[in-house]
Amino acid sequence: MTTPFRNSDISVLPVMKIYDWFDGPYPARVRIALAEKGLLDRVEFISVNLWTGEHKKPEFLAINYSGTLPVLELDDGTLIAECTAITQYLDVLDDSPTLTGQTAKEKGLIHMMTKRAEIEFLDAVSVYFHHATPGLGADVELYQNPEWGNRMRDKAIRGMHYFNGVLEQQPFVAGDAFSMADIAVLGGMIFASLVKLAVPDECAALRAWHARMQERPSVREWRTMVANNTPRA
Ligand SMILES: N[C@@H](CCC(=O)N[C@@H](CS)C(=O)NCC(=O)O)C(=O)O
């Protein structure tokens, strides 16, 4: 069993390992969450090269059955995959959740909007990338279905319109405060930008939110990490 850590002893938290790839959109979600929680110094990043298909090799499949990044490894060897699950774990380490909600209502709304960000936007961009573009290259993309990929591109654009409508009504994706749901939509924006999927001009609220997000210290820190390909600037 891993010892639970409290606010006061966060500095003695054992170093956690994160298997990821420095500029991956899903890894970005966990890196931004780590920056939000002030935990970047407590993490050792282990690079798994997506472009050479390291994530599909038996060694990595033994770490994460689904062959995707990121994965968190605790000091007792426990492996936690899925960005949402990792973020939830990190958020309660200090007994002061800031990303996943405090009340039942906040937790429910944040969970819902995070799931929607994945289903309606981020995962759709990902399917577009893997199926309707060269993706990670012929050696990694062993099965492609361009028609499905293009459908998912259209779904992602629809998702942008959905989140635009949400952000016309409220400042953040799940309500009045920044949360894991904003990070999930940011993941979608990061992936969309990588595959050159433009946000429609009429999505003014989504664009304005995105511009605001660029000013957040955690997002700036993530950008610096990507630019340097190093855990810390
Ligand atoms: N549902 C997973 C998805 C993770 C995911 O798709 N990660 C990307 C990294 S950007 C990946 O590993 N893609 C490689 C592939 O699908 O071949 C999560 O939320 O962590």
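Just so you know, ligand 1 is whichever comes first in the structure, and atom 1 is the first atom listed for that ligand.
Under the 4.0 Å criterion applied to side-chain N and carboxylate O atoms, Arg216 and Asp182 are not assigned as salt-bridge partners. Arg29 has a carboxylate O that lies under 4.0 Å from a charged side-chain N of Glu118, or vice versa, which qualifies the two as a salt bridge.
Taking the six-membered ring where the residue is Trp, Trp51 and Phe129 present perpendicular rings, their angle passing 60° and hence far from 30°.
Geometric assessment of Arg212 against the ring of Phe178 yields a negative cation-pi assignment under the 6.0 Å and 45° thresholds.
The shortest N or O to N or O distance between Ser126 and ligand 1 is not below 3.5 Å. Looking at ligand 1, you won't find any N or O of Gly24 less than 3.5 Å from one of its N or O atoms.
Within the 4.0 Å heavy-atom shell around ligand 1 one finds Pro25. Within the structure, ligand 1 has His130 among the residues with a heavy atom less than 4.0 angstrom away.
Note that CG of Leu167 is 9.5 Å distant from OH of Tyr162, once rounded to the nearest 0.5 Å.
Protein heavy atom in closest approach to atom 20 (O) of ligand 1: Cys83 N, 3.1 Å. Here the heavy atom of the protein found nearest to atom 9 (C) of ligand 1 is Leu69 O, 3.7 Å. The protein atom (non-hydrogen) at minimum distance from atom 1 (N) of ligand 1 is Glu82 OE1, 2.6 Å. Scanning the protein heavy atoms around atom 17 (O) of ligand 1, the nearest turns out to be His55 NE2, 2.9 Å.
Inspection of the Gln88 and Thr100 side chains reveals no N or O donor paired with an N or O acceptor under 3.5 Å.
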